There are 2 protein chains.
Amino acid sequence: MALKEIKTTEQKITDAARKVFIEKGFDGARMQHIANEAGINKALLHYYFRSKEKLFDAIFYDIFRQFMPKVGIIMSADVPIFDKIRVFVSHYVDMLLNNPFLPAFVLHELSRRPEKILNVIKDTGVNPEVLNNFLKNEAEKGHIVYIEAAHLMVNIIGMCVFPFVGRPIVQGFILGGSSEKYGQFLNERKEKITEFVINALKK
Amino acid sequence: MALKEIKTTEQKITDAARKVFIEKGFDGARMQHIANEAGINKALLHYYFRSKEKLFDAIFYDIFRQFMPKVGIIMSADVPIFDKIRVFVSHYVDMLLNNPFLPAFVLHELSRRPEKILNVIKDTGVNPEVLNNFLKNEAEKGHIVYIEAAHLMVNIIGMCVFPFVGRPIVQGFILGGSSEKYGQFLNERKEKITEFVINALKK
DNA sequence: GTCTATATCGGGATAGAC
DNA sequence: GTCTATCCCGATATAGAC
């Protein structure tokens, strides 16, 4: 964000909505709260977006895109497989560190209203076929053991996402409650995940 | 459930509450809906449990316990490490297959009200120290590469849970939308996860 | 475009009869 | 213990002045 920027009212609203929705979820969010956060009043929300639902839709797509890993882009780079993985995990975990509450929000809203995904399937495509062929190829060359793209992707994303979406469990149970330990744990994740995945793929 | 069982009203209520809360989340659930599901009326809900919040608390602990992996029990069995992992993943994924919407619910509610975890920290302890010592031991014997218990557990749980909590994404994007493919994918998970983890731990 | 005031309704909670 | 009827607040949404 630039320093002297002047936000339009619409931007103020969407910024506020984004924040409150992520924090509270659709059902838990209050229009009043969003208005306060934006420094305006409720009526204006409805002037710009006709309903809570429409306001939600207006922000959800962007949030979803942010959550969706940029698998395609990274995978198409012309670097060895292990480097691809390193780069992907590093980028993705960085995004999560900057938006720690994003995964819980996206996953919950999608679970509650799976239809929403239809509004959102556009250019967000992941195309596992490309990755699949690549993996097959690498396996034939003997660089890695064979694994289907879908399973590999779900494995990696699951490992990246869980510490965030399951923070209370990880911090409270696995790490004994300490918030410092949790921070430390997160810092180690990138490396640990990369290591783990690469080991799993080695012959 | 036995065939001729006679449910007490309280059981009818908690069963209904469990179902509706898991489906809709706390904020999305309606007392009316729960009453309908239980075949009674709203007033009776308040007669048994004084408030929505208290009703929620009454069911949440059990659900949470179900979600928490029984790491301790399985890990204390006197079998080789790879068998432990096999058994754990198998048990845990089976539970998820039987309760596919449970993880999204638990993770969302805990994220929204992390204090709730205090009500729930009782005998659910996981004790990673035991597992940690075990892993250290196995590593020293040269059976596996060393890995911290916390990271291993988070890795495994993340891989198990993500296909469920992220169903719309997995099915919609990674698998192209087909619900058959998704079912097939789930069936493969147990084996794929076990394989992946064991490979990652091998020297 | 932005505000205040208000309509409208849904949903949690209670009163009270049976 | 279980029901019907009702209270009452909070939240979305709209009307209308400026």
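All values reported here derive from a predicted model rather than from experimental measurement.
- C:dG12 atom C1' lies 18 Å from atom NZ of B:Lys24, rounded to whole Å.
- Each of B:Ala43 and A:Ile40 was matched to the nucleotide of DNA chain C holding its nearest heavy atom; the match closer to the 5' end belongs to A:Ile40.
- Spacing between atom CE of A:Met31 and atom C1' of C:dT4 amounts to 17 Å, rounded to whole angstrom units.
- In this structure, A:Lys42 atom NZ and C:dT8 atom P are separated by 15 Å, rounded to whole Å.
- Aromatic pair A:Phe21/A:Phe56: centroids less than 6.0 angstrom apart.
- Using a 4.0 Å heavy-atom distance criterion, B:Ala29 is classed as a sugar-phosphate-only contact.
- One can place CG of B:Leu45 at 15 Å from P of D:dG1, the figure rounded to the nearest angstrom.
- Side-chain atoms of A:Arg30 lie closest to D:dA11 of the nucleotides D:dA11, C:dC3, D:dA13.
- Among the nucleotides D:dC3, C:dT14, D:dA13, the one closest to any side-chain atom of B:Asn41 is D:dC3.
- Classification of A:Lys12 and A:Glu37 as a salt-bridged pair fails, no side-chain N sitting under 4.0 Å from a carboxylate O.
- Atom CG of A:Leu44 is separated from atom C1' of D:dT14 by 14 Å (rounded to the nearest Å).
- Heavy-atom distances under 4.0 Å link DNA chain C to A:Tyr47, A:Tyr48 of residues 47-56 of chain A, given in residue order.
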Quick one, B:Asp94 with B:Lys190, criterion salt bridge (charged side-chain N to carboxylate O under 4.0 Å, His left out). Give me CA distance, side-chain angles, the key distance, then yes/no.
CA-CA 9 Å; B:Asp94 275 341; B:Lys190 267 195 246 183; 2.8 Å; yes
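- The CG atom of A:Asp27 sits 15 Å away from the C1' atom of D:dG10 (whole-angstrom rounding).
- As a whole-Å value, the separation of B:Gln32 CD from C:dC9 P is 18 Å.
- Taking the six-membered ring for Trp and the full ring otherwise, B:Tyr92 and B:Phe88 have centroids separated by under 6.0 Å.
- Residue A:His46 has a polar side-chain atom (N or O) positioned under 4.0 Å from OP1 or OP2 of D:dA13.
- Proximity note for A:Thr9 (side chain, C-beta onward) versus C:dG12, D:dT2, C:dT2: the nearest is C:dT2.
- Salt bridge A:Lys116/A:Glu109: absent, no basic N to carboxylate O contact under 4.0 Å.
- For the pair A:Asn36 CG and D:dT12 P, the interatomic distance rounds to 12 Å; values are reported in whole Å.
- Aromatic ring centroids of B:Phe26 and B:His108 lie 6.0 Å or more apart.
- With respect to the salt-bridge test (charged N to carboxylate O, under 4.0 angstrom), the residues A:Glu148 and B:Lys192 qualify.
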